[in-house]
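Atoms within each ligand, like the ligands themselves, are counted from 1 in listed order. On a predicted model such as this, the values are computed, not experimentally measured, just so you know.
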Amino acid sequence: MASREQFSSKTGFIMAAAGSAIGLGNIWGFPTQTASNGGAAFVVVYFILAYCMAYPALMAELVIGRHSKSNIVTALKGISGDRGAPWFGVLVGIYGVVVASLILSFYAIVAGWMLSYLSESVFNIVGITQYNAWFTEFSFSRNFVFLAVFMALTMFVISRGVTAGIERWSTRLMPLLFILLVALIIYVLTQKGASEGLKVYLLPDFNQLSPKLILDAMGQAFFSLSLGVGTMLIYGSYLSEKENLPKLGAIVTFTDSGIAFVAGLLIIPAIFVAQEHGTTIFTETGSLIAGPDLIFQVLPTLFESMGSVGVFVAFAFFLLMSIAALTSSISMLEVPVSLTTEETSMKRPMATLIIGSAIFVISIIILLNFGALFGLVIDFTTVYSQPVLGILLCVFVGWIWHRNHVLKAIKSGMNDVENSFFWKIWPMYVRFICPLLILANFVQSLRG
Ligand code: TRP
């Protein structure tokens with residue numbers, strides 16, 4: 001049997017895992033959730049949940065993955081041998097794979113929009129403006145073309161494998177993402193109106209605290225760290241036994257929440273700069289415009305009003321979005337592809353082609369029934385399935401897998417783990433606190 005691929009270094013893993021975590025969820029989701037949940041109070045709650053709830057759950061996935069050296073289905077089947085039924089592991093694993101694939105099916109549509117705005121900016125830079133309406137207006141032809149391009153890019157990277165695909169492209173693209181982000185922030189913060197936005201973003205108003213805010217923050221933390229569906233599990237499985245898992249997990253959590261925070265320094269001030277330029281930034285009910293209108297109307301209008309630099313700012317912004325989306329989408333596609341290559345004799349390029357095409361077809365079905373399906377798929381995957389899977393994975397690590405086996409799995413790369421703060425807290429956390437917290441939030445959300 002050919003030996004299993006691994007990330008070539010610690011940095012390779014960090015770039016890939018941070019690349020998965022840092023996506024549209026950070027640069028669009030986090031700032032807009034902050035805007036619609038009353039600013040800085042949301043930021044505070046988000047940070048607490050990211051470290052106290054999402055990080056322990058991320059660790060559960062990384063530990064299972066590195067120990068099992070396999071995809072989520074085979075991994076859960078393996079550890080259920082301790083105290084559970086293998087069929088249950090298989091079932092939960094398959095649920096995760098289905099959800100990962102469905103997340104990709106809507107994520108790729110949104111990523112396609114980023115590519116179409118990116119293309120528009122390129123056309124504008126070279127002076128061709130007669131296609132602007134096609135690039136920016138919602139139509140099946142536009143959506144289809146850019147969805148296809150984005151899926152092709154995702155499939156290209158995944159077909160190359162772990163080191164030559166995932167690691168190489170994450171390592172190339174993530175530094176570029178960071179540079180673009182910083183450059184855009186510097187530019188926006190020098191514009192008139194930006195300080196108003198900074199105030200909204202950074203001064204907490206704890207009167208805004210509500211069950212909805214906490215729930216939104218939890219969903220955001222789960223989505224942002226790519227949890228529940230086996231993404232982080234499979235990336236953990238490509239990690240060497242020499243690496244210290246709790247430390248790497250902490251670095252990834254820190255980078256992810258850090259970039260989300262920094263993205264807020266770009267988006268929220270930009271909204272207020274747009275207001276200076278005469279754009280309406282509040283809805284009729286008085287809250288900040290958040291959803292798609294923010295990215296595809298408020299910001300583009302802002303870029304237009306900036307004169308000749310505007311096209312370059314637009315280019316940098318949509319390039320940033322496209323890169324963030326690509327390093328995330330590859331991690332989603334890796335989930336079903338790794339299952340297929342590990343459980344059948346199919347080779348990676350073929351598996352990528354077949355599964356990528358199948359997900360592409362699902363995306364097209366969503367596009368053709370956009371009103372009915374788009375929101376439904378997002379709710380089914382991110383609002384319901386991710387928390388349920390999060391609880392199940394904690395149950396696997398906290399209740400089904402033997403504590404000694406868990407300890408042994410973490411010990412590799414961290415010899416003194418028994419005496420660490422991590423080992424004093426984390427096992428109890430994944431056993432009780434994480435599942436209960438997620439459950440409480442979840443029940444609250446079901447009650448509306
Ligand atoms: N975390 C990414 C973002 O913030 C999206 C993502 C990648 C994801 N893989 C995932 C979300 C798996 C849920 C599950 O945009």
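- None of Phe272, Phe42, Phe261 except one satisfies the ring pair (Phe, Tyr, Trp, His ring centres under 6.0 Å) rule with Tyr201; the exception is Phe261.
- Not close to ligand 1: Ala100, with no non-hydrogen atom less than 4.0 angstrom away.
- Residue Leu227 has no N or O atom closer than 3.5 Å to an N or O atom of ligand 1.
- Ring geometry, Phe360 versus Phe144: the interplanar angle falls from 30° to 60°, so the pair is classed tilted.
- The aromatic rings of Phe374 and Trp113 sit tilted, their planes meeting at an angle between 30° and 60°.
- Under the 30°/60° scheme for interplanar angles, the aromatic rings of Phe7 and Tyr238 are found to stand perpendicular.
- Protein heavy atom at the shortest distance from atom 2 (C) of ligand 1 is Ser20 O, 3.2 Å.
- Atoms of ligand 1 found under 4.0 Å from any heavy atom of Asn26 (numbered from 1 in listed order, with element): 4 (O).
- Below 4.0 Å from some heavy atom of Tyr107 lie the following atoms of ligand 1, by number and element: 3 (C), 5 (C), 15 (O).
- For atom 10 (C) of ligand 1, the closest non-hydrogen atom on the protein side is Ser226 CB, 3.3 Å.
- For CE of Met428, the number of neighbouring non-hydrogen atoms (other residues, nucleotides, ligands) closer than 6.0 Å is greater than 12.
- Checked against a 6.0 Å centroid threshold, the rings of Phe88 and Phe396 count as neighbours.
- Residue-ligand proximity, Ile103 to ligand 1, at heavy-atom distances under 4.0 Å covers atoms 13 (C), 14 (C).
- Of all the atoms in ligand 1, the ones that sit under 4.0 Å from a non-hydrogen atom of Ser331 are 7 (C), 9 (N).
- The protein heavy atom nearest to atom 12 (C) of ligand 1 is Thr231 OG1, 3.3 Å.
- If you number the atoms of ligand 1 from 1 as listed, the ones under 4.0 Å from a heavy atom of Val229 come out as 12 (C), 14 (C).
- For a threshold of 3.5 Å applied to N or O pairs, the pair formed by Leu24 and ligand 1 contains at least one separation below that value.
- Arg160 and Glu167 are not joined by a salt bridge, as no carboxylate oxygen comes within less than 4.0 angstrom of a charged side-chain nitrogen.
- The shortest N or O to N or O distance between Ala21 and ligand 1 is below 3.5 Å.
- Checking only distances, Gly25 does come within under 3.5 Å of ligand 1, N or O to N or O.
- The aromatic rings of Tyr55 and Phe422 sit perpendicular to each other, their planes meeting at more than 60°, with 30° as the lower class boundary.
- At a 3.5 angstrom cut-off on N or O pairs, Gln386 does not count as close to ligand 1.
- Counting only N and O atoms by type, the side chains of Ser226 and Ser20 include a donor and acceptor under 3.5 Å apart.
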